[in-house]
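Report on one structure; see the data block that follows.
Because the structure is predicted, anything quoted here is derived from the model rather than measured. Positions are given from 1, in the same order as the sequence printed here.
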Amino acid sequence: MSHHAFPIQPDPAFPEAEHRERLARARLALAEAKLDAVVCVAPEHLYYLAGFDGHTHFQLQALVFGAMKDPTLIFRDTDIVNAREFSWVRDMRVYHHGVQDPISLIVDAAREHAGPGGRIGVCFDSFALPGAAALRLNAALGGDVADATNLIERLRFRKSARELEYMRKAGTIAEAGRSALRQAVTDGATEMELAGTIEHAMRLAGTEYPAMPTWFSTGPRTSGGHRMPTLRKLQRGEPVKAEFAGVHRRYHSVTVQTLWLGEPSQAAAETYDAVLHAFRAACEEIKVGNPTAAAEDAAFGEYQRRGLDVGVHARMGCGISAAYPPSWIEGYDITRESGERFQADTTFLIHTHRRSADGYSIVIGGTYALTESGLECLAGGDLQLTVI
């Protein structure tokens, strides 16, 4: 019996030159931080720098590089085809589960890239690095090990032309899901059916799986955040609240909407109006060079002018781009507490929300790109109250 090896057809999301440009910026950041090598473990960082589109981040994997040599990619051997299909990195070192120790491979590569006595950074603040593994890695490396998470994460904030193109495509997919939802909303439909309609429409439009689930609730269940769909049946006069992402080449565009089946109560309609105007006020402050805090301040100002309490609130927004479970949130934070400033060629999710006097939670939002030309809505966004 003969075994035939199928040829691997490379399908990278970006050309090698773009990855190498990112690597060059990473090396400059390492030099400024006085680090000789870094260990990246977050799947989105491996994707950004190495092109590795791996979906086994429940196993240890890492990209290790320093100032000189090409990077080393370390992962479980079952993912070798994925690596060869998407990554430009030549130095691939694999381990077999339960046989080789990935920590040993990572440590050896880190010392190799750092050189004798070299200072090593590790991206410790990642869902992809379990606590036990982090402790072992830190102990094995010894010496002066720095946390390099933010150093690497900040490289992703400004997007290339190709990244913006992927974000726009993801936004088109998300809008297909939102359109399908509006058409499917009807008395007696279950939350599960409506969420399924969204996901089916987006799959047909070409979405990949999202880093977070479809958040979905109706009626009194909207009072909480991050709700999952149930078999509850929608009734006339109730809201439908949904938040979900279209995904293209791992780039996410999220849309957030609260709509009504039948006329909302006066309290709910007034709250929606406040949320919408707060959202618009925030968008007015989103300009290149402005502090990100100005956006949330503007939203809060609109609420305060209406005599509404701003003591309890969700974050105004966050960066969003290429992502893997469990989160699509990028490190770019848009809150009053953030010290960031709005930069050109960034992409982010922004939203505003309030709870109405009769207990419904209303949220409006979407994904935007900010370029030198201004603010561009990719999905969701400034949505008037929709009554079906």
Side-chain angles (χ1 to χ4, degrees), residues 7-57 59-96 100-124 126 128-129 137 140-141 145-156 158 160 162-163 249-250 322 324:
I8 295 171
Q9 300 296 324
D11 186 28
F14 299 93
E16 181 177 330
E18 184 159 341
H19 287 296
R20 286 193 176 276
E21 183 275 331
R22 296 169 182 177
L23 185 64
R25 287 190 286 115
R27 284 172 166 153
L28 284 175
L30 287 184
E32 290 174 6
K34 295 182 169 48
L35 294 175
D36 297 292
V38 67
V39 177
C40 301
V41 293
E44 58 270 20
H45 292 173
L46 272 60
Y47 179 69
Y48 186 76
L49 293 166
F52 179 52
D53 188 20
H55 304 273
T56 49
H57 27 280
Q59 300 285 343
L60 284 179
Q61 50 194 22
L63 182 74
V64 185
F65 62 91
M68 303 298 293
K69 294 176 55 179
D70 272 359
T72 299
L73 187 59
I74 298 162
F75 53 91
R76 189 177 167 191
D77 54 4
T78 53
D79 295 321
I80 189 66
V81 175
N82 276 347
R84 289 174 177 166
E85 184 175 13
F86 297 111
S87 179
W88 63 275
V89 174
R90 278 73 171 174
D91 182 9
M92 296 182 181
R93 305 180 190 181
V94 301
Y95 64 92
H96 190 75
Q100 287 89 23
D101 179 12
I103 295 292
S104 295
L105 289 178
I106 294 169
V107 169
D108 288 347
R111 287 175 174 157
E112 183 181 316
H113 283 275
R119 187 165 179 248
I120 297 169
V122 177
C123 296
F124 284 116
S126 171
L129 188 62
L137 183 58
L141 287 172
V145 181
D147 182 10
T149 313
N150 191 51
L151 180 148
I152 298 298
E153 179 67 0
R154 295 187 68 84
L155 300 172
R156 304 198 304 139
R158 299 196 69 165
S160 69
R162 194 180 297 260
E163 287 180 288
R249 288 292 200 170
R250 298 315 310 155
Y324 293 81

Let's go through C40 and L49 carefully: what are the C-alpha distance in whole Å and the side-chain angles of both, what is the deciding distance for side-chain contact (heavy atoms from CB on, under 4.5 Å) to 0.1 Å, and is it a yes or a no?
CA-CA 9 Å; C40 301; L49 293 166; 4.2 Å; yes
Under 3.5 Å, which donor-acceptor pairs do the side chains of residues 76-83 form with other protein atoms, sequence neighbours left out?
from : atom 1 : to  : atom 2 : distance (Å)
D77  : OD2    : H96 : ND1    : 2.7
D79  : OD2    : T56 : OG1    : 2.4

Kindly write out the residues that satisfy side chain to side chain contact (heavy atoms under 4.5 Å, CB included) with D147, not counting sequence neighbours, or none if the list is empty.
F124, D125, T149
What closest approach, in Å, do R162 and A13 show between heavy atoms, and which atom pair accounts for it?
CD-O, 3.4 Å
For residues 26-48, which residue pairs pass the salt bridge (Lys or Arg N to Asp or Glu O under 4.0 Å) check, not counting sequence neighbours?
none
I need the minimum non-hydrogen distance between P43 and A128, along with the two atoms involved.
CD-CB, 3.8 Å
Can you pull out every ring-ring contact (aromatic ring centres under 6.0 Å, His included) where at least one residue sits in residues 101-122? Sequence neighbours excluded, please.
none
Candidate pair V38 and V64, rule side-chain contact (heavy atoms from CB on, under 4.5 Å), full reasoning:
CA-CA 6 Å; V38 67; V64 185; over 6 Å; no
Passes side-chain contact (heavy atoms from CB on, under 4.5 Å), L60 versus F75? Steps please.
CA-CA 7 Å; L60 284 179; F75 53 91; over 6 Å; no
Interatomic distance, CD1@I74 vs CD@Q61, rounded to 0.5 Å, equals 10.5 Å
Check against side-chain contact (heavy atoms from CB on, under 4.5 Å), H45 and V41
CA-CA 7 Å; H45 292 173; V41 293; over 6 Å; no
Side-chain donor/acceptor of R25 to backbone N/O of L155, under 3.5 Å
yes
Considering residues at least two apart in sequence or located in another chain, which fulfil the side chain to side chain contact (heavy atoms under 4.5 Å, CB included) criterion with P10?
P12
Test of understanding: with side chain to side chain contact (heavy atoms under 4.5 Å, CB included), list the residues that count as partners of A146, not counting sequence neighbours.
L35, R119
Minimum side-chain heavy-atom gap Y324-L46 below 4.5 Å:
no
Below 4.5 Å, heavy atoms only, C-beta onward: do L63 and T72 meet side chain to side chain?
no
Is the shortest heavy-atom distance from the side chain of L23 to the side chain of P71 under 4.5 Å?
yes
My understanding is that only residues two or more places apart in sequence, or in another chain, count here; which of them pass ring-ring contact (aromatic ring centres under 6.0 Å, His included) with F65?
none
Taking only residues two or more places apart in sequence, or in another chain, which ones meet F86 in a ring-ring contact (aromatic ring centres under 6.0 Å, His included)?
none
Got L151 and E153 here, is their nearest side-chain heavy-atom distance under 4.5 Å?
no
For residues 84-96, pull every pair meeting salt bridge (Lys or Arg N to Asp or Glu O under 4.0 Å), keeping only residues two or more places apart or in separate chains.
E16-R90, D91-R93, R93-E112
So, for A110 and V39, which heavy atoms are closest and what is the spacing to 0.1 Å?
CB-CG2, 3.9 Å
I'd like to check the side chain to side chain contact (heavy atoms under 4.5 Å, CB included) partners of H19; sequence neighbours left out, ordered by chain and number.
F14, R22, W88
Find out whether M92 and S87 are in side-chain contact, i.e. whether some heavy atom of one side chain is under 4.5 Å from a heavy atom of the other.
yes
For D108, what residues pass the salt bridge (Lys or Arg N to Asp or Glu O under 4.0 Å) criterion, not counting sequence neighbours?
none
A side-chain contact here means heavy atoms from C-beta on lying under 4.5 Å apart; do Y48 and I152 qualify?
no
Partner set under ring-ring contact (aromatic ring centres under 6.0 Å, His included) for Y47, not counting sequence neighbours:
none
Going by heavy atoms in the side chains, are F52 and L73 under 4.5 Å from each other?
yes
